Amino acid sequence: MTEPVNVLVAVAWPYASGARHIGHLAGAYLPADIFARQQRLLGNRVLMVSGSDVHGTPITVRAEAEGVDPQDIVDRYHGEILRHWEQLGISWDLYTTTGTENHAKVTQEMFLAQFENGHIDKRVSEQFFDPEVQRFLPDRYVEGECPYCGYAEARGDQCDNCGKTLDPIDLINPRSKLSGAIPEPRETEHFYFRYSDFNQQIRNYLDTKSHWRPHVLNFAKGWLEDEGLQDRAITRDIEWGIDLPVDDLGPGKKIYVWYDAVIGYLSASKEWAASETNPAGDPESWREWWENPAARHVYFIGKDNIPFHALFWPAQLMGVGNLHLPDEIPANQYVTFKGGKASASRGVGLTIADALDMFQPDALRFALAAALPEQADTEVSDEEIGRRINEELVATWGNLVNRVLSMVNKNCDAQIPDTPGSDPEDSDLLAAVDAAFVEAADQFHASELRAALRTAMKTAQATNGYLNATEPWRLQKTDPNRASEVLHTALSAINGVRVLFAPFLPWSSATLDEILGVPSGWKREPLVPGRPIGKPTPLFTKVDLETSDVEV
RNA sequence: GGCGACGUAGCUCAGUUGGUAAGAGUGCUCGACUCAUAAUCGAGAGGUCGUGGGUUCGAGUCCCACCGUCGCUACCA
């Protein structure tokens, strides 16, 4: 085995502002977890972090709409998100929030380092101010008539009718979304991160990523070619956010979520290192991931997040220096429902809570993993999920385990037989399983998780085929010795196949661990003869598509 | 409006740098088997690769136009 690698599995930070849907799950959290689990089995040192983003406009909007404090919104949804991770078996090393003291501290340290390095400066701009509620208004809080198409409900950032990008100053008859008052332009001073300092460096960086998915690379490079990176304000006139580490702007200014959310990857790593769950017990051990050129950083995000992870975050890291840049950004496309992007707020597609009500966690994971939108938007539906579960997971893998364990239970005194077979068909099957480990490992390395799942399925089908060819139920009557050999071989194959499935199916894998023993790595291990297997119960149950409220 | 992606068997999708008669899973048909969650295994049928041009000895794979779907457009992240 090769030297263990320090792998950072960095996963997009969900807003703690509402229900998450299975598009989010399939886009980032599930593939990240599958990848992390496989990397651990491979022997790599995995640090998988993320957390809830507690800042940002959606949260303040929701809090205002409900008349509560933003923290109330955060507490409610962060708790719900945590429960879902637990039910789904998402194996975080740390899932935190951007609301911690640690995150504020790390953000401020980064700010200061970049400030020292000359990449942050102060600028004055004009923004709309609502005289009634005495607040500066974000672009989308200004509404008015679109100067291009005359649409009356255009927002300050964009017109929903004609799709044009707007500057709120250009709106005809602008009004505040908060109070309806007529906003007035006022000068305000903010800190800007000089992203433009890094145009060339980012370009060079992207040139080393020619293996990235085309849609990721095209998007990032296109951005650079069109206008290049532009300096952006990283503070706002708001109350909900992280304090500035310098106080010369006056009161009422906070660091804006765009800048601080991505810093969560680093701050969470530091929080983990200082926590009890760090086996090394060394608060400085985050450096083994962040200041180690041999480490591998893999970011799991949806495609809407590409500019932040392929452009802005690397630039911010460069602005500090000596911190590891993203190595892989296998951004997924969207899961679509009847042609449209999933959206919990618009009621398109299943929320995670809905899906967990309808399906076993492993079954849901399987169905989504088989349909990960790795290359293109992928259409899923309740029926499709149920079909995948019944026709593929239960029929091929669940049934295989059940049929073999049942025969062993009946014919081998309910314990693992010590009767390895040596016929060519025996060794062929086991060789095929062993080869699948190599094939699937390559697929994991290339972030082709769907293909890796297919590889696992292929070995299950091969094992089913082996049984149909050898017919141990018939041998049991004519040649019991050979029957035991066949069952031993089939069980050996399953002992490998279940490891191939383990990253995808943590819950049922744990059940098999109890029966066959805990696997020590990414390989097929010898059986433990004499180990009692008990009376088998099916790993999965079929979904009743008739009675579920499935629209056909 | 601009940019980008996609449009391949009924369904969900693969198809490396253009090149031996277009693939997988599922569904469907037929056969085998009956240990197993009416599960499994084998065989077969099924596609003018959105439309129309072009480049090439040769294009699903490159170029142009068009049609259709979707996404992004930097104060949502």
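Sequence lines set the chain letters: A, B, ... in the order given, protein chains first and strands last, and positions in each chain run from 1. Values reported hereafter were calculated over all heavy atoms of this structure, with side chains retained and with hydrogens, waters and symmetry mates removed. Source: prediction; values computed, not measured.
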Could you work out the separation of [N] and [M] based on their [atom1] atoms and round it to a whole Å?
| N | M | atom1 | value |
| --- | --- | --- | --- |
| B/A5 | B/C63 | P | 10 Å |
| B/G46 | B/A22 | C1' | 13 Å |
| B/C3 | B/C64 | P | 12 Å |

State, without any angle test, whether [X] and [Y] hold a side-chain donor-acceptor pair at a distance under 3.5 Å.
| X | Y | answer |
| --- | --- | --- |
| A/Tyr299 | A/Asn305 | no |
| A/Ser406 | A/Lys535 | no |
| A/Tyr95 | A/Ser52 | yes |
| A/Asn464 | A/Arg403 | yes |

Using modelled atom types and a 3.5 Å cut-off, is there a donor and acceptor pairing between side-chain atoms of A/Glu392 and backbone atoms of A/Arg387? no
Could you check A/Arg236 against A/Asn218 and say which one's nearest nucleotide on RNA chain B is further toward the 5' end? A/Asn218
When the nearest nucleotide of RNA chain B is assigned to A/Gln230 and to A/His215 on a heavy-atom basis, which residue is associated with the more 5' position? A/His215
When both distances are under 3.5 Å in a Watson-Crick or G-U wobble arrangement, the nucleotide paired with B/G7 is B/C67
If pairing means Watson-Crick or G-U wobble with both distances under 3.5 Å, then the partner of B/C62 is B/G54
Nucleotide by nucleotide, nucleotides 32-42 of chain B touches protein heavy atoms under 4.0 Å in the pattern (B base, S sugar-phosphate only, - none) -SSBBB-SBB-
Quick test: give all pairs of protein nitrogen or oxygen and nucleotides 8-11 of chain B nitrogen or oxygen below 3.5 Å, distance rounded to 0.1 Å.
none

For A/Phe193 and A/Ala315 the tightest heavy-atom approach is CZ-O, 3.8 Å
It should be established whether A/Arg450 places a side-chain nitrogen or oxygen under 4.0 Å from OP1 or OP2 of nucleotide B/A14. yes
Got more than 12 heavy atoms from elsewhere within 6.0 Å of NE2, A/His445? no
Could you check A/Val54, A/Leu266, A/Ile263 and say which one makes a side-chain contact (heavy atoms from CB on, under 4.5 Å) with A/His103? A/Ile263
